[in-house]
K.L.:
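Dumping the structure here so I can ask a few things about it.
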Amino acid sequence: MGDGGADAGAGGGTGAAKRAVLAGLRWSSLRLRLVVVFGAVALTAAVSASGIAYWLNREAVLTRTQEATLKDFKQEMQNRAAELPLRPNQTDLRTTAAQMTGDNAGYSVLLLGERDRGKPIVAASDPDTFTLDDVPKSLQNAVNDRQRVTSANKYQYHVFWQRTERGDTPYLVAGTRIIGGGPTGYLFKSLDQERADLNSLAWSLGIATAVALIGSALLAQAAATTVLRPVQRLGEAARQLGEGQFETRLRVSGTDELADLSRTFNSAAESLQKKVADMSAREESSRRFVADMSHELRTPLTALTAVTEVLEDEADSLDPMIAPAVTLVVSETRRLNVLVENLMEVTRFDAGTARLVLDDVDVADQLTACIDARAWLDAVDLDAERGIMARLDPRRLDVIMANLIGNALKHGGSPVRVAVRTEGDTLVVEVRDHGPGIPEEVLPHVFDRFYKASASRPRSEGSGLGLSIAMENAHIHGGDITAANVPDGGAMFVLRLPRDGGEDPERDPDTRRDGPTGGEPGRRSERREGGDAS
């Protein structure tokens, strides 16, 4: 019997965690993603470390127990079983087996001998615990296999072992036999205590993993707070900048990437503030220039208007060679007068000084007066029931309708239909013509200032401000105007105004009531020309 490669024998294999942390919980949240990533990394590391530690400790515990047991078993076989006679009796075998396990060896022994050739006898230290049936056949075959003695193998028999289970309890089973004749011995040791120790280790490692996961979540929360607080301040500053608070700046501290980002933001905000200030100054200068120019033009225009009215009254008595020039002067003077009035109105809107003078108005009466004042009764079909009341500024409603109807007459086609209805608390006025409609590429620009649909007619009776002024007047009421083409031909403009006047503006005692700005002059004329329209 010898050590040899016993442990490499037939049965040598083995089996077996800002406000609150959850505020704004969504996958797009950077905080949540940081916590998840930290947790995943910590969980992976903890599970890997725990798994390796468990595997190493398991092998160490089992190997230490196994080697100590096998060494003691082999020593007992040499000291006691080898002393038995070649043909022992059962009493001798039982006594020897009991002696081999008598000193708290912690395992059971079974000895197998021959009373006579071919007549085996078996004796166990504890027959109720260990019998020959508990020894796997593969292990018995390995133990009984006599090997050739060579320079690499000095012994005919070796110690072979195998781990097995009986019920739910793991056992170590080993066996060897005496060289030169004698009994065969088998060892049967319970590994239940070792399994309990390994289970305790597994629970400890599991608790350590859970603690590591919770710790990583707390560390992730702390890291996220440290990283996200400057980002949140940057986001808030960007929102304030977007709302027009150009003096917004970030406090810069440190030398890291976030500090560099804050410096870049401050530099961009300072540059933007300077550019906006320069643009505002230039825009204010432009507004003041237009307002001053329009105001200064009114005095000479008043004189020119008076002269042209005299010339118009005397047109029939003028020399036929001079009459066309007089007619042209009269027409252009009126056009210039309308343009100056429109520019002044636009200036008031841009400066924020335009005010509403609200009154309860019968919409049908107001529209009839607007159409009649411009001699459009024969060209406009008005569909409006009397009694539809709305609180609005009569002068500004006249300006809106004069421009919409005038635009339809000038660029659309008769008949022009004006329909009035209500939708809840909203007044809806539709102005439809029967012309060719508005080109699709023009629709987005019909309310732009100085925009004219035809580039081939850069000089027309309109100034390109009429529809823009109509839209501004609708907006100051809290309403809107939309333009679209009608499927069966023509264009339709739809005016929507709140019937209650929207937000009650401050009454401006200086608000003028001097006729319809932006439309035709407020006197009856037989000319079928619309208001100043784009």
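Residue indices begin at 1 and follow the sequence shown.
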K.L.:
List the steps, then state whether side chain to side chain contact (heavy atoms under 4.5 Å, CB included) holds for His477 with Leu397.
P.N.:
CA-CA 9 Å; His477 278 89; Leu397 177 62; 5.6 Å; no
K.L.:
Can you check whether Ser468 reaches Phe447 side chain to side chain, under 4.5 Å on heavy atoms?
P.N.:
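They are not in side-chain contact.
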K.L.:
Flag the pair Lys275 and Asp278 as a salt bridge only when some basic side-chain nitrogen lies within less than 4.0 angstrom of an acidic carboxylate oxygen.
P.N.:
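No, no charged N to carboxylate O under 4.0 Å.
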K.L.:
Write down the atom of Leu111, the atom of Gly185, and the distance for their closest heavy-atom approach.
P.N.:
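Shortest heavy-atom separation between Leu111 and Gly185 comes out as CD2-CA, 3.8 Å.
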K.L.:
Nearest 0.5 Å please: distance from the OG1 atom of Thr482 over to the CE atom of Met471.
P.N.:
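So the OG1 of Thr482 and the CE of Met471 are separated by 8.0 Å.
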K.L.:
Closest approach of Phe160 and Ala142, non-hydrogen atoms and distance?
P.N.:
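Phe160 and Ala142 have their closest heavy atoms at CE1-O, 3.5 Å.
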K.L.:
Please tell me if the side chains of Asp393 and Ile476 come closer than 4.5 Å, counting only heavy atoms from C-beta onward.
P.N.:
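The answer is no; the side chains never approach within 4.5 Å.
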K.L.:
Measuring from Met100:CE to Gln75:CD, what's the distance to the nearest 0.5 Å?
P.N.:
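Met100 atom CE to Gln75 atom CD measures 10.5 Å (nearest 0.5 Å).
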K.L.:
Checking Asp134 side chain against Thr131 main chain: does a donor-acceptor pair fall under 3.5 Å?
P.N.:
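Confirmed, Asp134 side chain pairs with Thr131 backbone.
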K.L.:
Rounded to the nearest 0.5 Å, what's the gap from CZ on Arg177 to CG on Asn144? Could you check?
P.N.:
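Here the interatomic distance stands at 5.5 Å.
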K.L.:
Can a donor-acceptor pair be found, under 3.5 Å and without considering hydrogens, that links the side chain of Ser271 to the backbone of Ser267?
P.N.:
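Looks like no, no N/O pair under 3.5 Å.
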K.L.:
For the residue pair Phe188 and Tyr171, does the interplanar ring angle fall in the parallel (under 30°), tilted (30 to 60°) or perpendicular (over 60°) class?
P.N.:
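Parallel, since the angle between the ring planes stays under 30°.
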K.L.:
Indicate yes or no for a side-chain donor-acceptor contact from Ser108 to the backbone of Ser125 under 3.5 Å, with no hydrogens or angles considered.
P.N.:
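No, because the side chain of Ser108 does not come within donor-acceptor range (under 3.5 Å) of the backbone of Ser125.
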K.L.:
Does Arg421 pair with Glu423 as a salt bridge, N-O distance under 4.0 Å?
P.N.:
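Judged by the 4.0 Å cut-off on N to carboxylate O distance, Arg421 and Glu423 do form a salt bridge.
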K.L.:
Identify the two heavy atoms, one from Arg94 and one from Ala123, that lie closest to each other, and give their separation to 0.1 Å.
P.N.:
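Closest approach of Arg94 to Ala123, heavy atoms only: N-CB, 3.4 Å.
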K.L.:
Would you mind checking if Arg432 and Asp488 are paired as a salt bridge, meaning a charged N to carboxylate O distance below 4.0 Å?
P.N.:
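Between Arg432 and Asp488 there is a salt bridge, with a charged N closer than 4.0 Å to a carboxylate O.
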K.L.:
When you compare the side chain of Glu430 with that of Val494, does any pair of heavy atoms fall below 4.5 Å?
P.N.:
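Yes; the side chains approach each other to less than 4.5 Å.
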K.L.:
So with a 6.0 Å cut-off around CG of Asp425, is the heavy-atom count from everything else above 12?
P.N.:
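Count not over threshold, so no.
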K.L.:
Taking Asp72 for the side chain and Ala68 for the main chain, is one N or O donor matched with an acceptor at less than 3.5 Å?
P.N.:
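The answer is no, because no donor-acceptor pair under 3.5 Å joins these two groups.
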K.L.:
I'd like to know if the side chain of Thr426 reaches the main chain of Pro498, judged simply by a donor and an acceptor atom lying under 3.5 Å from each other, with no hydrogens or angles considered.
P.N.:
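No, Thr426 side chain to Pro498 backbone: no donor-acceptor pair under 3.5 Å.
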K.L.:
Give the C-alpha distance, both sets of side-chain angles, the deciding distance and a yes or no for side chain to side chain contact (heavy atoms under 4.5 Å, CB included) between Asn485 and Leu443.
P.N.:
CA-CA 9 Å; Asn485 289 316; Leu443 272 175; 3.9 Å; yes
K.L.:
Return the OG1 to CG distance between Thr69 and Leu191, rounded to the nearest 0.5 Å.
P.N.:
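If we round to the nearest 0.5 Å, Thr69:OG1 and Leu191:CG are 8.0 Å apart.
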K.L.:
Would you indicate whether the side-chain heavy atoms of Leu427 and Leu392 approach each other to under 4.5 Å?
P.N.:
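Side chain of Leu392 against side chain of Leu427, heavy atoms only: contact under 4.5 Å found.
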K.L.:
Is it true that a side-chain atom of Asp145 and a backbone atom of Asn141 form a donor plus acceptor pair closer than 3.5 Å?
P.N.:
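Not a single qualifying donor-acceptor pair exists.
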K.L.:
Decide side chain to side chain contact (heavy atoms under 4.5 Å, CB included) for Leu93 and Val122; before the verdict, give the C-alpha distance in whole Å, the side-chain angles of both, and the deciding distance to 0.1 Å.
P.N.:
CA-CA 7 Å; Leu93 291 177; Val122 179; over 6 Å; no
K.L.:
Is there a side-chain contact between Leu132 and Tyr186, using heavy atoms and a 4.5 Å cut-off?
P.N.:
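Heavy-atom side-chain distance check passes, below 4.5 Å.
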K.L.:
Check whether any side-chain heavy atom of Phe130 lies under 4.5 Å from a side-chain heavy atom of Val109, and answer yes or no.
P.N.:
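No, every pair of side-chain atoms sits at 4.5 Å or beyond.
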K.L.:
Taking the side chain from Arg249 and the backbone from Phe246, do they hold a donor-acceptor pair closer than 3.5 Å?
P.N.:
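Yes.
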K.L.:
Can you tell me how far the NE2 atom of His445 sits from the CD1 atom of Ile438, to the nearest 0.5 Å?
P.N.:
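Between atom NE2 of His445 and atom CD1 of Ile438 there are 12.0 Å.
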K.L.:
Under 3.5 Å, is there a donor-acceptor pair linking the side chains of Glu270 and Asn266?
P.N.:
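Not at all, the side chains of Glu270 and Asn266 share no donor-acceptor pair under 3.5 Å.
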K.L.:
Using the side chain to side chain contact (heavy atoms under 4.5 Å, CB included) definition, which of the options Val159, Val173, Leu70 pairs with Leu187?
P.N.:
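Looking at Val159, Val173, Leu70, the match for Leu187 under the side chain to side chain contact (heavy atoms under 4.5 Å, CB included) is Leu70.
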K.L.:
Give the minimum heavy-atom separation between Glu441 and Pro444, together with the two atoms involved.
P.N.:
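That would be O-CD, 3.7 Å.
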K.L.:
How long is the gap from CD on Gln99 to CG on Asn79, to the nearest 0.5 Å?
P.N.:
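Rounded to the nearest 0.5 Å, the CD-CG separation comes out at 11.5 Å.
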K.L.:
Please name the pair of heavy atoms, one in Val486 and one in Ala491, separated by the smallest distance, quoted to 0.1 Å.
P.N.:
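Heavy atoms only, the tightest pair is CG2-C, 4.2 Å.
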K.L.:
Do side-chain atoms of Asn473 reach the backbone of Ile469 as a donor and acceptor pair under 3.5 angstrom?
P.N.:
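Yes: the side chain of Asn473 pairs with the backbone of Ile469.
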K.L.:
Taking the side chain as C-beta and beyond, is there a heavy-atom pair between Val135 and Leu110 under 4.5 Å?
P.N.:
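Val135 does not reach Leu110 side chain to side chain.
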K.L.:
Can you confirm whether Lys189 sits close enough to Gln66 that some side-chain heavy atom of one is under 4.5 Å from a side-chain heavy atom of the other?
P.N.:
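They are not in contact (no side-chain heavy atoms under 4.5 Å apart), so the answer is no.
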K.L.:
Quick check: closest heavy atoms across Ser262 and Val252, and the distance to 0.1 Å?
P.N.:
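Nearest pair, atom of Ser262 first, then Val252: CB-CG2, 3.9 Å.
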K.L.:
Under a 4.0 Å N-O cut-off, is there an ion pair linking Arg233 with Glu236?
P.N.:
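No salt bridge links Arg233 with Glu236.
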K.L.:
Assess the residue pair Ile400 and Ile481 against the criterion (side chain to side chain contact (heavy atoms under 4.5 Å, CB included)); give the C-alpha distance rounded to whole Å, side-chain angles, the decisive distance to 0.1 Å, and a yes or no.
P.N.:
CA-CA 10 Å; Ile400 296 172; Ile481 305 175; 4.1 Å; yes
